[in-house]
Participant: 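Okay, here's the structure, questions in a sec.
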Amino acid sequence: MEFTLQHTDKNSNARTGLIKTDHGEIKTPIFMPVGTVGSVKGVHFKELKEEVKAQIILGNTYHLYLRPGIEILEQAGGLHKFNSWDKPILTDSGGFQVFSLSNTRKMHEEGVTFRSHIDGSKHLFTPEKTVEIQRSIGADIMMAFDECTPGTADYNYAKKSMELTHRWLDRGIKRFDETESKYNFSQTFFPIVQGCVYEDLRKQSAEFAASKNREGYAIGGLAVGEPAEVMYEMIVIVNEILPKDKPRYLMGVGTPVNILEAIERGVDMFDCVMPTRNGRNGMLFTSEGILNMKNEKWKNDFSPIDINGTASVDLIHTKAYLRHLFVSQELLAMQIASIHNLAFYLELVRQARHHIELGDFSVWKKEMVVKLARRL
RNA sequence: GGGCAGAUACCAAAGUGGCCAACUGGGGCUGACUGUAACUCAGCUGUCUUUCGACUUCGGAGGUUCGAAUCCUUCUCUGCCCA
């Protein structure tokens with residue numbers, strides 16, 4: 001993987017860049033749709049390419065390991081071959097599942113013992129094993145195995161958790177460096193910065209990660225219960241330390257506003273389930289604000305779903321029709337909403353990139369943040 | 001014409017003397033959702049009130065009772081059976 005820093009904003013830390021992988025290029029800042037089990041829920045890859053214009057998607061180590069399983073993925077020749085997505089793929093290591101499946105796992109120095117949410121069977125995840133699994137999946141960008149510390153953790157817990165993540169990072173890097181890609185393309189490995197909401201821990205973690213001299217870095221453990229302002233502060237602290245010439249990936253974030261605020265603070269890559277999950281639950285993000293398609297007020301609103309939208313569904317269908325689909329619990333409702341939201345997110349980061357190039361990012365962003373947070 | 005069963009909130013359906021403004025499900029309304037155990041979850045759904053609470057309800061009318069959705073009389077309507 002190769003990263004070229006292209007433009008740097010004069011008035012902020014926002015920047016544009018180009019990531020080159022063996023599966024194609026990624027223009028940053030970028031939003032990466034989440035495709036946990038090898039599928040972006042409700043959105044076909046044809047739509048993902050032509051409507052959403054996604055450049056890279058996510059997969060998840062824990063979920064793919066449980067189903068279909070490593071054996072099948074290897075037989076298929078990796079996830080790209082298996083699901084026929086020929087653009088870049090980034091896999092999360094399962095670190096987030098340490099957080100979200102906390103009631104079915106046990107942590108220890110060696111790793112984490114999970115109980116499968118599917119059949120209850122026991123599985124051990126270690127930093128080494130998650131590297132091996134991601135080798136088998138064949139992700140272009142692999143993530144270190146970390147503990148995603150809750151935003152509400154106290155200092156002592158956060159410190160211990162961060163130190164464990166650091167020890168796991170060393171082990172993960174070691175295994176990564178002593179193994180090779182199983183397929184005919186190269187893979188890279190991103191460390192993850194933790195440290196919860198504590199400034200000194202974040203600094204320490206960023207320095208530790210940066211010292212590993214990898215091709216890119218991730219900021220984890222944010223948007224997990226702490227106030228947004230605190231998240232922004234942490235991003236500033238971390239990005240002062242992470243190398244400028246490497247991409248920075250803010251994991252799991254977030255709302256359109258979160259993304260613009262983070263871009264302004266020097267983040268290049270994002271992923272979040274929000275456009276798809278909230279879309280399936282009736283929430284639409286637009287350049288004019290947020291709307292709940294299930295609300296009664298759209299019942300007889302025959303205007304397009306999003307007059308400024310870039311996806312064809314935005315103009316083809318009316319709000320009244322989409323509301324009807326949601327109320328009737330039609331699968332098409334979720335598909336349309338997911339396509340719309342993802343296309344909106346991708347257009348948002350594309351616009352951000354454009355305005356960084358133009359040099360008026362901060363002005364544009366200030367206006368957008370007000371509009372994006374509105375409730376329609 | 002006769003017999004039997006039934007009528008409860010938007011719908012369906014519990015409740016058969018006080019713990020009932022009334023279980024539950026559906027529907028409706030509103031909210032939540034941030035590296036996806038999520039087509040999920042939560043709240044509200046008689047009226048007034050921010051809350052406390054107050055008031056009016058269980059087909060209609062009348063009655064028994066300290067007290068009735070629940071018991072009695074009668075009327076109306078619905079379903080089934082017999083002529």
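Only this structure's heavy atoms are used, side chains among them; waters, hydrogens and symmetry mates stay out. Within every chain, numbering begins at 1; the chains are lettered A, B, ... in the order of the sequence lines, protein sequences first and strands thereafter.
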Participant: Within the 4.0 Å heavy-atom criterion, would you say A/Asn60 contacts the bases, only the backbone, or no part of the nucleic acid?
Facilitator: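 Result for A/Asn60 = sugar-phosphate.
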Participant: Reckon A/Asp271 touches a base, only the sugar-phosphate, or nothing at all at heavy-atom distances under 4.0 Å?
Facilitator: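 It contacts sugar-phosphate atoms only.
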Participant: Say we look at B/C55 and B/C10: how far apart would their P atoms be, to the nearest angstrom?
Facilitator: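 Approximately 22 Å lies between the P atom of B/C55 and that of B/C10.
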Participant: Thinking salt bridges, do A/Lys174 and A/Glu178 make one under a 4.0 Å N-O criterion?
Facilitator: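 Between A/Glu178 and A/Lys174 there is a salt bridge, with a charged N closer than 4.0 Å to a carboxylate O.
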Participant: Please determine whether a side-chain nitrogen of the Lys or Arg among A/Glu215 and A/Lys246 lies less than 4.0 Å from a carboxylate oxygen of the Asp or Glu.
Facilitator: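 Salt bridge absent between A/Glu215 and A/Lys246.
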Participant: Between A/Asn341 and A/Ser338, do the side chains contain a donor N or O and an acceptor N or O under 3.5 Å apart?
Facilitator: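 Per modelled atom types, A/Ser338 and A/Asn341 side chains form no pair under 3.5 Å.
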Participant: Quick one: closest heavy-atom pair of A/Phe302 and A/Thr318, and the distance?
Facilitator: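 Distance-wise, the nearest heavy atoms are O-CG2, 3.2 Å.
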Participant: Applying the Watson-Crick and G-U wobble criteria at under 3.5 Å, what pairs with B/U51? Answer none if nothing qualifies.
Facilitator: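 Its partner: none found.
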Participant: If I pick the C1' atom on B/A12 and the same atom on B/G1, what distance separates them, to the nearest angstrom?
Facilitator: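 Straight-line distance between the two C1' atoms is 34 Å.
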Participant: Would you tabulate the side-chain donor-acceptor contacts of residues 307-315 of chain A under 3.5 Å, counting partners in other chains and residues two or more places apart, or write 'none'?
Facilitator:
| from | atom 1 | to | atom 2 | distance (Å) |
| --- | --- | --- | --- | --- |
| A/Asn308 | ND2 | A/Ser287 | OG | 3.4 |
| A/Ser312 | OG | A/Glu51 | OE1 | 3.1 |
| A/Ser312 | OG | A/Glu51 | OE2 | 2.9 |
| A/Asp314 | OD1 | A/His340 | ND1 | 2.5 |
| A/Asp314 | OD2 | A/Thr310 | N | 3.3 |
| A/Asp314 | OD2 | A/Ala311 | N | 3.1 |

Participant: Please find the earliest and latest nucleotides of RNA chain B, in the 5' to 3' direction, that have an atom within less than 4.0 Å of any heavy atom of chain A.
Facilitator: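 First and last nucleotides in contact are B/G27 to B/U40.
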Participant: With rounding to the closest Å, how many angstrom separate the P atoms on B/C11 and B/G28?
Facilitator: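 Pairwise P distance, B/C11 against B/G28, rounds to 15 Å.
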Participant: Do A/Val257 and A/Met251 land in one hydrophobic cluster if side-chain heavy atoms of ILVMFWY residues count as linked below 4.5 Å?
Facilitator: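 Cluster IDs for A/Val257 and A/Met251 match.
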Participant: Hey, does A/Asn103 reach any base, or is it just sugar-phosphate, or nothing, if we go heavy atoms under 4.0 Å?
Facilitator: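 Contact class for A/Asn103: base.
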Participant: At under 4.0 Å between heavy atoms, what does A/Gly42 touch on the DNA or RNA strands: base, sugar-phosphate, or nothing?
Facilitator: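 No contact at all - A/Gly42 keeps every heavy atom at 4.0 Å or more from the nucleic acid.
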Participant: Quick one: ring pair (Phe, Tyr, Trp, His ring centres under 6.0 Å) partners of A/Tyr155, sequence neighbours excluded?
Facilitator: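 Ring pair (Phe, Tyr, Trp, His ring centres under 6.0 Å) check on A/Tyr155 returns A/Tyr198.
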Participant: Under 4.0 Å between any heavy atoms, over every strand shown, what does A/Arg105 touch: base, sugar-phosphate, or nothing? Just pick one.
Facilitator: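 If one applies the 4.0 Å heavy-atom cut-off, A/Arg105 turns out to touch nothing in the nucleic acid.
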Participant: Categorize A/Leu58 for me: base, sugar-phosphate, or nothing, with a 4.0 angstrom heavy-atom threshold over every strand shown.
Facilitator: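 If one applies the 4.0 Å heavy-atom cut-off, A/Leu58 turns out to touch the sugar-phosphate alone, with no base involved.
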Participant: Identify whether any heavy atom of A/Gln335 sits under 4.0 Å from a base atom; if not, whether one sits that close to sugar-phosphate; answer base, sugar-phosphate or nothing.
Facilitator: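 The answer is nothing, as A/Gln335 stays clear of every strand by at least 4.0 Å.
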Participant: With P as the reference atom in both, quote the distance from B/C29 to B/A38 in angstrom, rounded to an integer.
Facilitator: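 The same atom, P, in both gives a distance of 26 Å.
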